[in-house]
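First the proteins, then the strands, lettered A, B, ... as listed; each starts at 1.
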Protein chains: 2
Amino acid sequence: MFSTLCPSREILNHVTSRWGVLVLSALMDGTHRFSELRRKIDGVSEKMLAQTLQQLEMDGFVDRVSYPVVPPHVEYSLTPLGEQIGVQIDSLVDWIESNLPKIMKAQQARQG
Amino acid sequence: MFSTLCPSREILNHVTSRWGVLVLSALMDGTHRFSELRRKIDGVSEKMLAQTLQQLEMDGFVDRVSYPVVPPHVEYSLTPLGEQIGVQIDSLVDWIESNLPKIMKAQQARQG
DNA sequence: CCGGATCCGTATAGATACTG
DNA sequence: CAGTATCTATACGGATCCGG
């Protein structure tokens, strides 16, 4: 188990953050604009989306391309590194979705 | 993309929480006592460890066995469901660890 | 003594309103 | 449209207490 404040921990915290997971998963479908991501990721605020995208960009997982037009046009996509970690994330998300019935049933059994 | 406050989101938040990831990963090595986990997971406070273990227990990923002796003896282990999701988590953690050099280099390149 | 529960202060996550 | 500024909520750590 690696130690506090080491780089791995920072990366892990960014990637597994509440919105980091969903952003990476969303970008697995391809390039998206800011507002597209905002609509696609239910419940995310503008601030958290911007912040999460900046973190993932600094970590080298997300590529940001800004076109100098008005109104602004910015496109986000995964870098090769981002696609690789996106596979891991999607695997986790898919596992939860497909095993949700089992999980719920296990929760219920524990209640009784 | 599933919506806010749906069960999948809750599970995902627990599992990918700051300490949830590390607890699941630690328990992949087998049964641990509370204090063992506390030592193994660098930087976790007693409060957050207890809280995280309770969440994961309620979700059906962690099994808690308390022996009525003095001093108290409590053992934590993964349920079958927990082991399955632990595999996903470990896969993610391992990927980050083994790709850390690449990630750091990508970060550096972005700085220059 | 171990495994928590509880209270409190602070740091960060988060929503809302505003700007270029 | 794509963000920032400002404000509020909650996550978190630390100290303390407690029951077995």
Would you classify [X] as touching base, sugar-phosphate or nothing, given that sugar-phosphate means primed atoms plus P, OP1 and OP2, and contacts are heavy atoms under 4.0 Å?
X     : answer
B/R38 : nothing
A/E36 : nothing
A/Y76 : sugar-phosphate
B/E46 : base

* Under 3.5 Å, is there a donor-acceptor pair between the A/T31 and A/E75 side chains? ->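 No - no donor-acceptor pair under 3.5 Å links their side chains.
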* Asked: Residues in side-chain contact (heavy atoms from CB on, under 4.5 Å) with B/P7, at least two apart?
  ->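 side-chain contact (heavy atoms from CB on, under 4.5 Å) check on B/P7 returns A/L100, A/M104.
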* Can you name the residues that form a side-chain contact (heavy atoms from CB on, under 4.5 Å) with B/N13, not counting sequence neighbours? ->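 Residues passing side-chain contact (heavy atoms from CB on, under 4.5 Å) with B/N13: A/R18.
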Kindly say if [X] contacts the phosphate of [N], meaning a side-chain N or O under 4.0 Å from OP1 or OP2.
X     : N      : result
A/S35 : D/dA2  : yes
B/Q54 : C/dA5  : yes
B/Q51 : D/dA11 : no
B/R39 : C/dC2  : no

Could you state the atom-to-atom distance from [atom1] of [X] to [atom2] of [N] in whole Å?
X     : N      : atom1 : atom2 : result
A/L37 : D/dG3  : CG    : C1'   : 14 Å
B/L53 : D/dC12 : CG    : C1'   : 16 Å
A/L49 : D/dT4  : CG    : C1'   : 14 Å
A/F34 : D/dA2  : CZ    : C1'   : 6 Å
B/M48 : C/dA5  : CE    : P     : 13 Å

* Select from A/G43 and B/H73 the residue whose nearest nucleotide in DNA chain C is closer to the 5' end of that strand. =>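 Closer to the 5' end of DNA chain C: B/H73.
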* To do: I would like to know whether A/Q88 and B/W95 meet side chain to side chain contact (heavy atoms under 4.5 Å, CB included); could you show each step before the answer?
  => CA-CA 8 Å; A/Q88 312 288 326; B/W95 185 92; 3.9 Å; yes
* Asked: Once you build an axis from the first five pairs and another from the last five of the helix from C/dC1-D/dG20 to C/dG20-D/dC1, how far apart in angle are they, to 10 degrees?
  ->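 Rounded value for the end-axis angle: 30°.
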Contacts under 3.5 angstrom, residues 52-63 of chain A side chains, donor-acceptor by atom type, not counting sequence neighbours:
from  : atom 1 : to     : atom 2 : distance (Å)
A/T52 : OG1    : A/M48  : O      : 2.6
A/D59 : OD1    : B/Q107 : NE2    : 3.0
A/D59 : OD2    : A/H14  : ND1    : 2.5

Using side-chain heavy atoms (C-beta onward) and a distance below 4.5 Å, is [X] in contact with [Y]?
X     : Y     : result
A/V21 : A/L92 : no
B/R9  : A/L22 : yes
B/V74 : B/Y67 : no
A/L27 : A/L37 : yes
A/L49 : A/E46 : no
A/Y76 : A/R64 : yes

* Specify the residue among B/S45 and A/R33 whose closest nucleotide of DNA chain D lies further upstream toward the 5′ end. =>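 Looking at DNA chain D, the more 5' nearest nucleotide goes with A/R33.
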* Which residues in residues 6-22 of chain A have at least one heavy atom lying under 4.0 Å from any atom of DNA chain C? ->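 Hits under 4.0 Å, by residue number: A/R18, A/W19.
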* Asked: What nucleotide, of C/dG14, C/dG3, D/dA2, holds the atom closest to the side chain of B/V74?
  ->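 Selected nucleotide: C/dG3.
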* Consider the side chain of A/K47, meaning its heavy atoms from C-beta on, and name the nucleotide among D/dG14, C/dT16, D/dG3 that approaches it most closely. =>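 Out of D/dG14, C/dT16, D/dG3, the nucleotide with an atom closest to A/K47's side chain is C/dT16.
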* For A/S8 against B/E97, the heavy-atom pair lying closest together ->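 For A/S8 versus B/E97, the nearest heavy atoms are OG-CG, 4.4 Å.
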Distances for protein N/O vs nucleotides 17-20 of chain D N/O pairs under 3.5 angstrom?
none

